[in-house]
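Here the structure comes first, spelled out in structure tokens, and everything after it is commentary.
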Amino acid sequence: MPTTVFVVGSLNADQLLEVPAFPAAGETVLASDVLITAGGKGGNQAVAAARAGAAVVMIGALGDDAHGVLVRGALTESGVDTGWVRTADGTHTGTAVVAVEAGGENRIIVASGANARLTRQDVEAGLAGAGPGDLVLLQLETPVAVVAHAARFAKERGATVVLNAAPAPADNGCLTTDIDVLVVNQVEMRAVAELVGAGTGTGETVDVAGTVLATSRTLNCVVVCTTGADGAYVNVGDRVAHIPAVQVTAVDTTAAGDTYTGYLAAALARGETDLTAALTTASAAAAVTVTRRGAMASIPYAYEIGPVAAHAGPGTDSTQLTTKG
């Protein structure tokens with residue numbers, strides 16, 4: 001039976017501003033260009049999974065405005081099923097202002113808008129068709145209580161649950177044993193580890209591999225920690241593998257993490273059990289993304305990452321995935 005990636009998450013209209021440098025407090029800088037495009041962590045990850053070849057259902061909320069039309073159209077164009085994306089009356093579509101400086105680094109401010117209106121009822125309706133073999137992908141740009149409910153509801157239906165704990169959580173309400181795979185960057189890893197009492201290292205010195213392992217033991221899940229140009233770390237059991245990043249010249253890193261997570265979700269949904277191989281492909285996809293401007297628009301199709309994947313280095317270990325019952 002074909003499997004499906006169900007994405008429960010945020011949908012935004014991104015306003016991308018290109019600046020020579022980020023402004024200091026009280027400083028005004030002039031942007032050289034502005035681009036309005038579809039985004040949001042949920043939407044980006046849904047598009048990434050779809051462009052990686054997965055069947056994808058999006059569950060979210062948009063405002064009754066022009067930006068909502070823009071975002072829904074971008075999802076549909078990429079083959080994402082938007083039948084469970086609700087239009088919320090009386091509010092605006094989520095909006096992100098993204099400042100990107102030379103070199104591709106960014107600063108992002110998000111106004112949740114309709115994303116804050118996502119409910120448990122929305123989740124249950126959208127996930128009613130999920131079952132064993134399917135994958136449910138979550139992030140933290142929608143209400144945390146709704147995210148936790150989605151994880152529990154998905155797990156009860158036998159689906160695999162992947163949580164991208166981004167933005168970094170402020171409490172452990174979403175960090176439950178319903179999670180099969182946790183995906184974080186270094187900032188998010190530090191926050192999660194502190195919340196669950198699994199931190200290693202002191203001050204600015206963090207043992208990434210040790211923290212991945214300690215967090216995995218505490219939450220009883222697989223942990224993937226991305227570290228930008230230094231690659232990623234992943235564990236199963238007591239083994240931690242390092243997957244090198246593909247080296248490219250970055251233009252805009254806005255959707256890199258979402259591309260990575262979406263490609264990983266697609267690989268797991270089609271039955272890939274070798275996480276090293278899955279993450280190597282995800283790294284290649286993210287490498288293509290950062291060479292392009294925008295969020296959703298920058299995400300590559302699977303056929304576009306072949307040449308980049310050929311230059312990806314092998315991981316330090318082969319890591320097999322088994323999910324919890």
Side-chain angles (χ1 to χ4, degrees), residues 41 103-106 138-140 144 151 161-248 250 253 256-261 263-265 267-268 273-287 290 312-324:
K41 298 195 73 63
E105 290 300 320
N106 61 60
L138 310 167
Q139 318 82 34
L140 298 179
V144 172
V161 177
V162 177
L163 172 65
N164 175 213
D171 58 57
N172 61 5
C174 62
L175 303 173
T176 71
T177 55
D178 296 319
I179 302 167
D180 292 296
V181 181
L182 175 70
V183 182
V184 288
N185 63 22
Q186 282 182 287
V187 173
E188 295 148 4
M189 178 82 271
R190 184 179 294 111
V192 169
E194 290 178 356
L195 287 171
V196 301
T200 61
T202 58
E204 295 300 315
T205 302
V206 177
D207 174 7
V208 177
T211 304
V212 165
L213 195 57
T215 303
S216 173
R217 288 170 175 165
T218 300
L219 294 177
N220 189 29
C221 70
V222 174
V223 176
V224 178
C225 180
T226 61
T227 60
D230 292 330
Y233 292 83
V234 60
N235 83 287
V236 169
D238 290 332
R239 292 180 297 149
V240 176
H242 175 244
I243 296 87
V246 179
Q247 301 302 313
V248 295
T253 61
D258 293 335
T259 300
Y260 192 97
T261 303
Y263 263 78
L264 171 61
L268 298 180
T273 59
D274 185 344
L275 278 175
T276 300
L279 294 176
T280 298
T281 300
S283 178
V290 302
T316 59
D317 197 3
S318 178
T319 312
Q320 301 297 316
L321 172 69
T322 55
T323 57
K324 295 175 285 187

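The structure displayed is predicted, hence computed values, not measured ones.
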Self-check item: Contact summary for Val192 and Ala165, nearest pair of heavy atoms
Solution: CG2-CB, 4.2 Å
Practice problem: State the CG-CG distance between Leu219 and Asp178, to the nearest 0.5 angstrom. | Solution: 11.0 Å
Self-check item: Minimum heavy-atom distance Ala278-Ala267, with the two atoms named
Solution: CB-CB, 3.8 Å
Quiz prompt | Thr226: which of Val184, Asn185, Thr261 passes side chain to side chain contact (heavy atoms under 4.5 Å, CB included) | solution = Asn185
Quiz item: Which pair of heavy atoms, one from Tyr260 and one from Ala232, lies closest together, and at what distance?
Solution: OH-CB, 3.2 Å
Practice problem: Could you tell me whether the side chain of Gln247 and the main chain of Ala229 form a donor-acceptor pair under 3.5 Å? | Solution: yes
Quiz prompt | Note, Val234 side chain near Val223 side chain (heavy atom, < 4.5 Å) | solution = no
Quiz item: Could you walk me through whether Asp180 and Cys221 pass the side-chain contact (heavy atoms from CB on, under 4.5 Å) check?
Solution: CA-CA 5 Å; Asp180 292 296; Cys221 70; 5.7 Å; no
Quiz item: Do Val162 and Leu268 touch side chain to side chain, with heavy atoms closer than 4.5 Å?
Solution: yes
Quiz item: Does any N or O in the side chain of Ser216 come within less than 3.5 Å of the main-chain N or O of Val212, such that one atom is a donor and the other an acceptor?
Solution: no
Quiz item: Does His242 use its side chain to pair, donor to acceptor, with the backbone of Ala209 at less than 3.5 Å?
Solution: no
Quiz item: Under 4.5 Å between any side-chain heavy atoms of Val181 and Leu163, yes or no?
Solution: no
Self-check item: Single hit among Leu182, Leu195, Ile179, Leu140 for side chain to side chain contact (heavy atoms under 4.5 Å, CB included) with Cys174
Solution: Leu140
Quiz item: To the nearest 0.5 Å, what is the distance between CG (Leu264) and OG1 (Thr281)?
Solution: 10.0 Å
Exercise. State the OG1-CG distance between Thr177 and Asn220, to the nearest 0.5 angstrom.
Key: 7.5 Å
Practice problem: Could you tell me which non-hydrogen atom of Ala166 sits nearest to which non-hydrogen atom of Glu188, and how far apart they are? | Solution: CB-OE2, 3.1 Å
Exercise. Would you name the heavy atoms of Met189 and Thr211 that are closest together and state the gap between them?
Key: CG-CG2, 3.8 Å
Quiz item: How many angstroms lie between atom OG1 of Thr215 and atom CG of Leu175, to the nearest 0.5 angstrom?
Solution: 9.5 Å
Quiz item: Could you walk me through whether Val248 and Val246 pass the side-chain contact (heavy atoms from CB on, under 4.5 Å) check?
Solution: CA-CA 6 Å; Val248 295; Val246 179; 4.3 Å; yes
Practice problem: Assess whether side-chain contact (heavy atoms from CB on, under 4.5 Å) is satisfied between Tyr233 and Thr227, documenting all intermediate values. | Solution: CA-CA 8 Å; Tyr233 292 83; Thr227 60; 4.2 Å; yes
Quiz item: Checking Asn235 side chain against Leu213 main chain: does a donor-acceptor pair fall under 3.5 Å?
Solution: no
Self-check item: Atom of Ala151, atom of Val161 and distance for their closest heavy-atom approach
Solution: O-CG2, 3.8 Å
Quiz item: Can you check side-chain contact (heavy atoms from CB on, under 4.5 Å) on Val240 and Val208, steps first, answer last?
Solution: CA-CA 10 Å; Val240 176; Val208 177; over 6 Å; no
